[in-house]
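In the text below, chain A, chain B and the rest are named by the order of the sequence lines, each starting its count at 1. What you see is a predicted model, and the numbers here were worked out from it, not measured in a lab. The analysis underlying the following values was restricted to heavy atoms, covering all of them including side chains, and did not include hydrogens, waters or symmetry mates.
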Amino acid sequence: MEPGSRETILEVRGVSKRFPGVQALAEVDLSLAAGEVLALVGENGAGKSTLIKILAGALRPDAGEVRLYGCRSELASPAEARRRGIAVMYQEFSLVPALSVAANIFLGRETSAVGVIAQRGEWRRARELLEQLGAANIDPRTPCRALSTAQQQLVEIAKALATDARLLVMDEPTAALSPAESERLLAIARGLRARGLGILFVSHRLEEVLQVADRVMVLRDGRLVAMRPRGEVDREWLIEAMVGRRLEQEFPRRAVAVGEPRLVVRDLRRGKRVCGVTFSIRRGEVLGLTGLVGAGRSETARLICGADRRDGGTIEVDGRPVELRSPRDGLRAGIALLPEDRKSQGLVLSHSVRHNFSLPNLPRLSRAGWIVRRRERCELEHWLSAAHVRIAAAEQPAGQLSGGNQQKLLLARWLAARCQVLLFDEPTRGVDVAAKFEIYQLINNLAAAGKAVLLISSELPEVMGMCDRILVMQAGRIRGELVAAEATQEQIMRLAVG
Amino acid sequence: MRSWQVVHRGLALLAVDYGMSLVLLVVAVGFSVATLQEQPADGPEGGRQLARLLARRYPTGGRVVVVARETQADAAFAQALADGLAGSPIEVAAEVRGRPAELRHVLERLSAAPERIDALAVHPAVARWPLLQELPGEFPSLRHVEVLVPRSHVWPSFLKADNLLNIANQIAVIAIMAVGMTMVVIAGGIDLSVGSLMALAAVVATRLIRDLAGAEQAGAWQMAACCVAAMAICGLMGLFSGMITTFAGIPAFIATLAMMLVASGLAYMTAEGESIYELPEVFVWLGRGADLAGIPNAVVLMLLLYAAAQVLMTRTVAGRYIYAVGGNREAARLAGVPVERVTVLVYVACGVLAGLGGVVMASQLKSGAPTYGQMYELYVIAAVVVGGTSLSGGEGQMIGTLLGALLIAVIQNGMNLTGVESYQQKVVLGSVILAAVLIDRWKRRLWQRV
Ligand SMILES: Nc1ncnc2c1ncn2[C@@H]1O[C@H](COP(=O)(O)OP(=O)(O)OP(=O)(O)O)[C@@H](O)[C@H]1O
Ligand SMILES: [Mg+2]
C-alpha cells in the first residue's frame, strides 16, 4: 500500500512544544494517509506522548500547525479533536471504572429521549461494535473495572470507532498486554486499516513495529530524526536511530555465584487467584515468573510483600519466617515490590520527584522523625543517576515525567531501599530499549550484591535472557520450572496455556 | 503562544504561589480606603500624642495642667498622657477631672500662686469649653499659657491597632481549629465534627472547673488540668472517627457527621442545657490576656501552633506521610507508609485542636455553653479550602490556611466596619469561598495542561 496515492488525513508542520526545563518537541513534521499505519518510536522522554497529546487537543503547541483533511485546524480541546474525527487512546486509560462498557463507549454522546438514556439501543450498538472487533464475549452491561486490561483496551477502541473516527491514535497500546493479546490487537489494527482508517501508534516493542507499520518515524530529544517506509528498516537500524548509537547486546551478562536460599515461599494461597505456590530464590539469583495475564503472578508478588493478606502458606527470608500484615512489615523484613501499575500503585503523581523517591526510604533518611535534608538530596542525586532517570528538576511533579522515566524513578527508589528481596512486576513496561538494558544491568548489580530478585514479565525474551530459572504460572498454580539457559519459547507457552 | 495564554498562565502562577496573600492585600487595601475617616484623638491615642507634643515643645522642662472630663474615654486619655510624661522633665502641676467649674476653681488657685504655668494639656472635648476661649480675659496672669489639644487625623478605621487586634482575636479560635482540619484534608479526609467538639470541650472544661476544681476558687494548675482533660476527650472522639473511617471503611463525611451530632448532644447533656459561668477571674488569661508586647495570648498560641504545624508538615517523616496518604493511598501503602495509623492520628490531632479551640473560646467569653461552635466546622473548612488546600487530598499548606482564615476574618470585619448587613455578609462570604474553590480547580487543570 503506497501512501500518497490516498487522501492525506493528517499533516503536522513544524510543531514545537517546550516545558519548563525541556524542549519536548522541536519542529516535528509528519503526514498520515487514509489506510496507513504510522509507528512512532523513540526513547523515553523523546516527546512521543507530547505529540499525541497535541493531536488529541489536550496540549497546545508553542509553534507549528496541524492540518486535517488539507486545512489548518486549531485543536483547542479533546472534545474538538474528537469531533474532527481523531480518536485517541492515551498511555493511561480514560475509562470510568464504575460505568458499564456501553456507558463508557457512548460517554458524552449518549443517545437520549427527553434526557433518558436509551439504554437498550446503546447496548445493542455497543455489542455490534465489539463484535466487529472480535470481542463478542464482552457484555456491554458489565462495569469496566471488572474487565481485564486487554478487554479494557478493546473497549477503548470500540469507543473510538463509535465516533466514526478517521484517525486512530494509540499511545503504547500493547505495553500492558501479553504477547497473545498484543497479537490480537494488532490484527484488529490491520482490519481497521483495511477499512480506511489512518492509524498512528507508539510502541517500545520493535517487533510489532516491524510487523504492522507501513512507515516508521523516530523521535530523539523532541526532534524527528528519521521517517522511513517499513521495507527500509530493520531492528538494528531502529535501535541506532532511537538511541543514537549501536547496542551490542540486548541482555547484559551476569556472572554471579548463586548462594544460600534467601526467600522461601511455601504453599502460598489466597482465594482462587493463588493456589499453593511454592518456590525459593537464592542469594544472587534472578528468578523469572511468567505466564498469561491473569495467571496470578502479580497477586503472588503482592502476597509476598504483604500488600494483601494470605489465606495460608509461609514466607521465610534468610531462614527466618516473617509475619506480614502490611507492605510496611514486608519492607521491614527486607522485601520490596515494584508494582505493575506505576500510576495508580507506584507514584503520587502530583508530588515531586524528591518526595516520591524518599517515601519508602524516609526511616533511613531521617533522625528521630526529622528528615535530614542533606542526606535526602545526596541519595536522590546518587540513585537517580544510577538508574539513569531523566528529570528537569527534583521538585518537578512525578506526573510530568515521561512514562519510562516514571518507571525508572520507582526503580531508583527501590534500589535505594536496601532490601534483600526485590519483587519486580513488569519492570520494563513502557521502557525504551536502551533504558531496558540499563534496568537489566541494575538488576544484575542487585544480584551481584547477593539480593534475591523475582522478575515478573510477560515478555519471553526478557525472562529467558535475564533469569537463572523460570517459573511458569497458570490459573494460580506453578505449572513448571525451567532452567533459562535451556528453555524455549514453545516450552514456556505450552506450560502457560496449561 | 497567544497573549491571552501568557496572561492566563501568569495569573495562574500567581494564584498558585502568591494568590492568597495577594487577594488578602487587595481586600485589606480596599477596606482601608473604604474606612478612611477622621479619627478624633480622644482616647489613649490622643493622650500619647499630646505627651509627644509636650516633650517636643518643652525639651528642658515645664509645668502643665492636665484637663479632662469624667468619662471613661477621658480617663484613658489622661492615663495615657500621664504615662507618656512619666520620666520626662515636664511636671504636672495639677490634674483636673471634671466640669468647667472645677477647672475654674483650679485656675483661680494657680493664677494666685507664684509658680509659673506653661501650658494646659486638654482633652479635645474640653477644648470646646467657653471657659478656655475666655482664658486670657478672665485670668490675665495666665495670658501666656498655651492650650494644647491633640489633633484629630485621617486614618482608616480598619487599620487602627485596636481593630487589627480585634481581627486577630476573632480568627484565633477558627485558625487554631483549622490547623487540625488542614492535616485531615491533606490526608484526604474531612471532619465535620469540629464545631460540636469545640462546644463539648468548652462545656467539659468549664464544668470540671466548676464541679471539681472549686469553681471561682480554682487554681491555675487545676484549671489547666481540666482544660487538658477536655481536649483529651475531644481527641478520643477524633480517635473514634478515625477508627471508623479507616477500619470500617465508612466515608469520613458520614462518620464525622454522626460524630458531630453525638458530640453536640454530649455537650448539651454535660452542661445540662445551660451555660456555665462559675469560673475564676484568671480563667480569661488565655482568651483575653496579652502578655507579649500587647499581642493577645490566644494569637500568640495560634502563631506558635502554625509554626509547629508548618515544621511538622514540611520537615518531618510524619508530615510526608500525611501528604502521601492523601496523594495516593494505595501507592503510599505499597511504599511502606502506615496508612491506617496516619489517618487515625490526623483525626486525633484534629479533635484535640478543636478541643483547644473550645477552651480558648470559653476563656474569651469566660463561660462554657453547648451552643458554641455552631457552623464553625463550615468556617474552618472554608478557611482550609480558601487557603488553597485541595479537598481531594495530598496538597495544601499550613500557611495557606492561616491566610484563608485571615481573609475570611478580614472580609467579615471590613463588612462590619462599612456597615454591610449581616445577611448580605453571608452572601459575600459564600461567594468568596466559591471563588477560592474555582481558583483551586483552575490551578489543577492548568497543572495538567501546561
Ligand atoms: N506537563 C509537563 N510538564 C513538564 N514537562 C513535561 C510535561 N509532560 C512531559 N514533560 C517532559 O517532556 C518530555 C517528553 O515527554 P513525553 O511524555 O512526550 O515522552 P515519551 O516519548 O512519551 O516517553 P515514554 O516513552 O517514556 O512514554 C519529557 O522530558 C517529560 O519529562
Ligand atoms: Mg509516553
### Query
Mind checking whether B/N328 and A/L349 have side chains closer than 4.5 Å, heavy atoms only?
no

### Task
For chain B, find which of A/L410, A/V348, A/V372 contributes the most heavy-atom pairs closer than 4.5 angstrom.
A/V348

### Query
Between A/S344, A/P339, A/S366, A/C305, which residue shows the highest count of heavy-atom pairs closer than 4.5 Å to chain B?
A/S344

### Message
Counting neighbours of CD on B/Q397 that are heavy atoms of other residues, nucleotides or ligands and sit closer than 6.0 Å, is the number greater than 12?
### Response
no

### Query
Any chance CZ of B/R315 has more than 12 other-residue heavy atoms, nucleotides or ligands included, within less than 6.0 Å?
no

### Message
With salt bridge (Lys or Arg N to Asp or Glu O under 4.0 Å) as the criterion, how do B/E340 and A/R328 come out once you've worked through the C-alpha distance, each side chain's angles and the decisive distance to 0.1 Å?
### Response
CA-CA 11 Å; B/E340 283 92 4; A/R328 189 176 179 76; over 6 Å; no

### Message
Does B/F253, at its CZ atom, have more than 12 non-hydrogen atoms belonging to other residues, nucleotides or ligands within less than 6.0 Å?
### Response
no

### Task
Tell me, for B/V339 versus chain A, whether the close heavy atoms (under 4.5 Å) come from the side chain, the backbone, both or neither.
neither

### Task
Kindly indicate whether the side chain of B/R320, heavy atoms from C-beta on, has any atom under 4.5 Å from the side chain of A/L362.
yes

### Query
Counting heavy atoms not belonging to A/E27, are there more than 12 under 6.0 Å from its CD?
no

### Query
Nearest heavy-atom pair of B/A331 and A/G346: which atoms, and what distance?
CB-O, 3.5 Å

### Query
After noting the C-alpha distance and the side-chain angles of B/V317 and A/W370, does the key distance pass the side-chain contact (heavy atoms from CB on, under 4.5 Å) rule?
CA-CA 6 Å; B/V317 176; A/W370 289 84; over 6 Å; no

### Query
What's the verdict on side-chain contact (heavy atoms from CB on, under 4.5 Å) for A/L337 and B/L334, showing C-alpha distance, side-chain angles and the deciding distance?
CA-CA 7 Å; A/L337 168 72; B/L334 287 178; 4.2 Å; yes

### Message
For the interface with chain A, which of B/G326, B/A318, B/P338, B/A332 has the highest count of heavy-atom pairs at distances below 4.5 Å?
### Response
B/P338

### Query
A/L347 versus chain B, heavy atoms under 4.5 Å apart: side chain, backbone, both or neither?
backbone

### Value rounded to 0.5 Å, distance of OH in B/Y323 from OG in A/S352
11.0 Å

### Message
Run the salt bridge (Lys or Arg N to Asp or Glu O under 4.0 Å) test against B/R333 and tell me which residues pass, sequence neighbours left out.
### Response
B/E330

### Task
State whether the number of non-hydrogen atoms from other residues, nucleotides or ligands found under 6.0 Å of B/Y306 atom OH is greater than 12.
yes

### Task
Give a yes or no on whether the backbone of B/G394 and the side-chain of A/H351 come within a donor-acceptor separation of less than 3.5 Å.
yes

